[in-house]
Peer 1: 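Submitted below is the structure of interest, expressed as structure tokens.
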Amino acid sequence: QVQLVESGGGLVQAGGSLRLSCAASGRTFSRYAMGWFRQAPGKEREFVAASSWSADSARYADAVKGRFTISKDSAKNTVYLQMNSLKPEDTAVYYCAARLSVRVTAAKEDYTYWGQGIQVTGSS
């Protein structure tokens, strides 16, 4: 059974940084792609970033490109989202997700497994 557990969220002033972690368990994830999504109140869940365990390539939403970085530690089965220059509009619940494919996609429908989500609040 795949389990994804996010941590590292919180409140940060505009311009600050946070690093989210997603600890994955229950599978060998070398053939998986991992993604980060977010959902603000009253809005649809949207893509933030994604990468595969087996490659260094990554994909980012335009809204976070240049500010956020996705990375992974295969030894710890953990994926990170480093968020710099946070803005109030980055405020949302952030979700980690996994799909059994090395192909990275931005569509939430392509991801099978989801974490419980963690709150990130950027204050102005």
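Note that these values count all heavy atoms, side chains included, but never hydrogens, waters or copies made by symmetry. Small disclaimer: the values here were computed from a predicted structure and weren't measured.
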Peer 1: Keeping to residues at least two apart or across chains, list the salt bridge (Lys or Arg N to Asp or Glu O under 4.0 Å) pairs with something in residues 81-106.
Peer 2: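 Residue pairs passing salt bridge (Lys or Arg N to Asp or Glu O under 4.0 Å), neighbours aside: Arg38-Asp90, Arg67-Asp90.
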
Peer 1: With Arg19 as the cation and Tyr80 as the aromatic partner, state whether NZ or CZ is under 6.0 Å from the six-membered ring centre and within 45° of the axis.
Peer 2: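 Verdict for Tyr80: a cation-pi partner in Arg19.
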
Peer 1: Is the NZ or CZ atom of Arg45 both under 6.0 Å from the centre of the six-membered ring of Tyr95 and within 45° of that ring's axis?
Peer 2: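 Yes, Arg45 sits over the ring of Tyr95.
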
Peer 1: Using the side-chain contact (heavy atoms from CB on, under 4.5 Å) rule, take Met83 and Leu20 through it: C-alpha gap first, then chi angles, then the decisive distance, then the call.
Peer 2: CA-CA 8 Å; Met83 304 184 294; Leu20 302 183; 3.7 Å; yes

Peer 1: Do Lys72 side-chain atoms and Ser52 backbone N/O form a donor-acceptor pair below 3.5 Å?
Peer 2: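 Answer holds: yes.
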
Peer 1: Mind checking the CD-CG spacing from Gln119 to Leu11? Nearest 0.5 Å is all I need.
Peer 2: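 With rounding to 0.5 Å, CD (Gln119) is 9.5 Å from CG (Leu11).
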
Peer 1: Can you tell me how far apart CZ (Arg27) and CG (Asn77) are? Round to the nearest 0.5 Å.
Peer 2: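 Taking CZ in Arg27 and CG in Asn77, the distance rounds to 12.0 Å.
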
Peer 1: Whether the side chain of Thr91 engages the backbone of Gly122 through a donor-acceptor N/O pair (distance < 3.5 Å, no angle test) should be reported.
Peer 2: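 At least one qualifying donor-acceptor pair exists.
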
Peer 1: What closest approach, in Å, do Ser17 and Ser85 show between heavy atoms, and which atom pair accounts for it?
Peer 2: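 Nearest heavy atoms, Ser17 then Ser85: OG-N, 4.3 Å.
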
Peer 1: At what distance, to the nearest 0.5 angstrom, does CG of Leu4 lie from CZ of Phe29?
Peer 2: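 Leu4 CG to Phe29 CZ: 6.0 Å, rounded to 0.5 Å.
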
Peer 1: For the residue pair Val64 and Val48, what are the closest heavy atoms and their distance?
Peer 2: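 The pair with the smallest heavy-atom distance is CG2-O, 3.5 Å.
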
Peer 1: Check the hydrophobic clustering (I, L, V, M, F, W, Y; side-chain heavy atoms under 4.5 Å; chains of links allowed) and say if Val2 and Trp53 are grouped together.
Peer 2: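 Yes, same cluster.
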
Peer 1: Flag yes if Phe37 and Leu81 sit in one hydrophobic cluster, no otherwise; membership is Ile, Leu, Val, Met, Phe, Trp, Tyr, and two members link when side-chain heavy atoms are under 4.5 Å apart.
Peer 2: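 No, because Phe37 and Leu81 fall into different hydrophobic clusters, even though each may have its own neighbours under 4.5 Å.
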
Peer 1: Quick one: does any side-chain atom of Ser51 pair with a main-chain N or O of Ser57 as donor and acceptor, under 3.5 Å?
Peer 2: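 Looks like yes, one N/O pair under 3.5 Å.
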
Peer 1: Stepwise, does the side-chain contact (heavy atoms from CB on, under 4.5 Å) test hold for Cys96 with Trp36?
Peer 2: CA-CA 5 Å; Cys96 176; Trp36 287 97; 4.0 Å; yes

Peer 1: Using the six-membered ring wherever Trp is involved, compare the ring planes of Tyr113 and Tyr32 and label them parallel, tilted or perpendicular (cut-offs 30° and 60°).
Peer 2: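 Rings of Tyr113 and Tyr32: tilted, as their planes differ by 30° to 60°.
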
Peer 1: Linking I/L/V/M/F/W/Y whenever any side-chain heavy atoms sit under 4.5 Å apart, do Val79 and Leu18 land together?
Peer 2: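 Yes: a chain of side-chain contacts under 4.5 Å links Val79 to Leu18.
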
Peer 1: Give a yes or no on whether Lys43 atom NZ has more than 12 heavy-atom contacts from other residues, nucleotides or ligands under 6.0 Å away.
Peer 2: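 No - once you tally the heavy atoms of other residues, nucleotides and ligands closer than 6.0 Å, there are 12 at most.
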
Peer 1: Got a second to check how far Gln116's CD is from Gln3's CD, nearest 0.5 Å?
Peer 2: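 Gln116 CD to Gln3 CD: 8.5 Å, rounded to 0.5 Å.
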
Peer 1: Going from CD1 on Ile70 to CD on Gln82, what distance comes out if it is rounded to the nearest 0.5 angstrom?
Peer 2: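 Output value for this atom pair is 12.5 Å.
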
Peer 1: Quick check: closest heavy atoms across Ala98 and Met34, and the distance to 0.1 Å?
Peer 2: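 Shortest heavy-atom separation between Ala98 and Met34 comes out as CB-SD, 3.5 Å.
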
Peer 1: Working to the nearest 0.5 angstrom, can you tell me the gap between Asp62 CG and Phe47 CZ?
Peer 2: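 With rounding to 0.5 Å, CG (Asp62) is 10.0 Å from CZ (Phe47).
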
Peer 1: Looking only at non-hydrogen atoms, find the nearest pair between Thr69 and Tyr60 and report the distance.
Peer 2: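 In this case the closest contact between Thr69 and Tyr60 is CA-OH, 3.4 Å.
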
Peer 1: Determine the minimum heavy-atom distance between Ala50 and Val104, stating which atoms define it.
Peer 2: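 Answer, listing the atom of Ala50 first, then Val104: CB-CG1, 3.3 Å.
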
Peer 1: I need the minimum non-hydrogen distance between Ala33 and Tyr111, along with the two atoms involved.
Peer 2: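 Distance-wise, the nearest heavy atoms are O-CE2, 4.0 Å.
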
